[in-house]
Amino acid sequence: MKKAMATMKKSGSSEEKDGDSPSRLIDARIEELSDWRGETLARVRTLIRQAEPDVVEEWKWRGVPVWEHAGIICTGETYKSVVKLTFAKGASLADPSGLFNSSLDGNTRRAIDFHEGDEINEQALKALVRAAAALNTSMRAAARPAGSRKKPSSA
């Protein structure tokens, strides 16, 4: 298995241990799994970073990889029989390829459970990540008070 490498872009709000960056902590999680779950987590991480090059990796809630862009895009949790990618605002995203297969009854989140041997629809996953990042960006822009926008300087 290839070790997925990443650079840290932000770490201020992360739970870091021993000075490790969130990206290094995610690297360590992938390596410690050393089975299909580590390979799957590494693959979805790569796809997330390809889909949204400005994504920020975080390490929250005592050990959950989180990918953010103007807010949380998704989390990557690993369990005994599943790698779960939970999209924070998944219920607001179009999913024409039907990737969401878990947490379908909630009003906000949606998740994709990957099981051993599952193939990843890479193009559909990238489109979902891009849509989540765009939704976060649009929600952040809409939440700005009108007076907070930078006024043009007079000459």
Side-chain angles (χ1 to χ4, degrees), residues 4 6 8-17 21-30 32-33 35-150:
M8 183 179 88
K9 294 188 180 186
K10 178 181 103 178
S11 63
S13 64
S14 299
E15 292 181 28
E16 296 182 18
K17 68 175 190 181
S21 74
S23 293
R24 286 191 185 124
L25 292 167
I26 296 169
D27 288 340
R29 170 64 49 84
I30 289 167
E32 91 183 14
L33 289 167
D35 61 8
W36 71 270
R37 296 170 303 159
E39 292 171 9
T40 301
L41 186 60
R43 186 67 196 139
V44 297
R45 177 193 200 189
T46 297
L47 295 170
I48 291 165
R49 295 180 74 225
Q50 287 174 352
E52 185 52 55
D54 293 330
V55 73
V56 175
E57 293 188 315
E58 295 287 352
W59 186 257
K60 296 186 179 188
W61 309 296
R62 296 187 181 152
V64 177
V66 178
W67 292 275
E68 299 182 352
H69 180 85
I72 294 175
I73 294 174
C74 62
T75 63
E77 298 164 278
T78 52
Y79 300 97
K80 187 175 183 177
S81 62
V82 69
V83 173
K84 181 181 286 290
L85 211 57
T86 302
F87 284 75
K89 297 177 184 87
S92 298
L93 300 173
D95 180 23
S97 297
L99 293 181
F100 291 131
N101 60 10
S102 183
S103 305
L104 300 176
D105 295 332
N107 292 328
T108 307
R109 293 186 303 259
R110 292 284 183 275
I112 305 168
D113 285 352
F114 297 100
H115 298 88
E116 186 171 11
D118 283 354
E119 288 204 28
I120 299 172
N121 183 336
E122 296 183 359
Q123 294 307 322
L125 181 58
K126 286 180 180 183
L128 210 51
V129 168
R130 284 190 291 271
L135 177 62
N136 286 351
T137 300
S138 69
M139 290 178 74
R140 180 170 281 177
R144 267 190 224 133
S148 69
R149 290 189 179 90
K150 191 174 181 179

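Residues passing the side chain to side chain donor-acceptor pair (under 3.5 Å) test with Arg37, sequence neighbours excluded: Asp35. Not a single ring-ring contact (aromatic ring centres under 6.0 Å, His included) links Phe114 to another residue, sequence neighbours left out. Applying the side chain to side chain donor-acceptor pair (under 3.5 Å) test to Lys84 and every residue at least two apart in sequence or in another chain returns Ser102, Asp113. Residues passing the side chain to side chain contact (heavy atoms under 4.5 Å, CB included) test with Gln50 are Thr46, Leu47, Lys126, sequence neighbours excluded. Taking the side chain to side chain donor-acceptor pair (under 3.5 Å) definition, one finds that Thr78 meets it with nothing, sequence neighbours left out. Applying the salt bridge (charged side-chain N to carboxylate O under 4.0 Å, His left out) test to Glu116 and every residue at least two apart in sequence or in another chain returns nothing. Glu32 pairs by the side chain to side chain donor-acceptor pair (under 3.5 Å) definition with Arg29, not counting sequence neighbours.
With values rounded to the nearest 0.5 angstrom, Trp61 atom CH2 is found 8.0 Å from Glu77 atom CD. The structure places CG of Asp95 at 9.0 Å from CG of Asn101, a figure rounded to the nearest 0.5 Å. Expressed to the nearest 0.5 Å, how far CD1 of Ile112 lies from OG of Ser97 amounts to 10.0 Å. To the nearest 0.5 Å, atoms CG (Leu99) and CG (Leu85) are separated by 9.5 Å.
Sequence neighbours left out, not one pair with a member in residues 96-110 passes salt bridge (charged side-chain N to carboxylate O under 4.0 Å, His left out). The ring-ring contact (aromatic ring centres under 6.0 Å, His included) analysis of residues 71-92, with sequence neighbours excluded, yields the pairs Phe87-Phe100.
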Identify all side-chain donor-acceptor contacts of residues 130-140 below 3.5 Å with residues at least two apart in sequence or on another chain.
from: Asn136; atom 1: OD1; to: Lys89; atom 2: NZ; distance (Å): 2.9
from: Asn136; atom 1: ND2; to: His69; atom 2: O; distance (Å): 3.2
from: Asn136; atom 1: ND2; to: Gly71; atom 2: O; distance (Å): 3.1
from: Asn136; atom 1: ND2; to: Ile72; atom 2: O; distance (Å): 3.1
from: Thr137; atom 1: OG1; to: Ala133; atom 2: O; distance (Å): 3.0
from: Ser138; atom 1: OG; to: Ala134; atom 2: O; distance (Å): 3.4
from: Ser138; atom 1: OG; to: Leu135; atom 2: O; distance (Å): 2.9

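Looking at heavy atoms from C-beta onward, Glu68 lies out of side-chain contact with Ile73 at the 4.5 angstrom threshold. Residues Cys74 and Ile48 have side chains in contact (heavy-atom distance under 4.5 Å, counting atoms from C-beta outward). Side-chain contact between Val83 and Asp118: absent, with no pair of heavy atoms (C-beta onward) separated by less than 4.5 Å. For the pair Arg43/Ile120, a side-chain contact is recorded, criterion being any heavy-atom separation below 4.5 Å from C-beta on.
Counting all heavy atoms, side chain and backbone alike, Ala111 lies closest to Thr86 at CB-OG1, 3.7 Å. Residues Gly38 and Ile30 share a closest heavy-atom pair of O-CG2, 3.5 Å. Counting all heavy atoms, side chain and backbone alike, Leu41 lies closest to Pro65 at CD2-CG, 4.5 Å.
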Run the numbers on Arg45 and Ile26 for side-chain contact (heavy atoms from CB on, under 4.5 Å), then give the verdict. CA-CA 9 Å; Arg45 177 193 200 189; Ile26 296 169; 3.6 Å; yes
Where do Asp54 and Arg49 land on the salt bridge (charged side-chain N to carboxylate O under 4.0 Å, His left out) test, with the steps shown first? CA-CA 8 Å; Asp54 293 330; Arg49 295 180 74 225; over 6 Å; no
Could you check Val64 against Trp59 for side-chain contact (heavy atoms from CB on, under 4.5 Å), going step by step and ending with a plain yes or no? CA-CA 6 Å; Val64 177; Trp59 186 257; over 6 Å; no
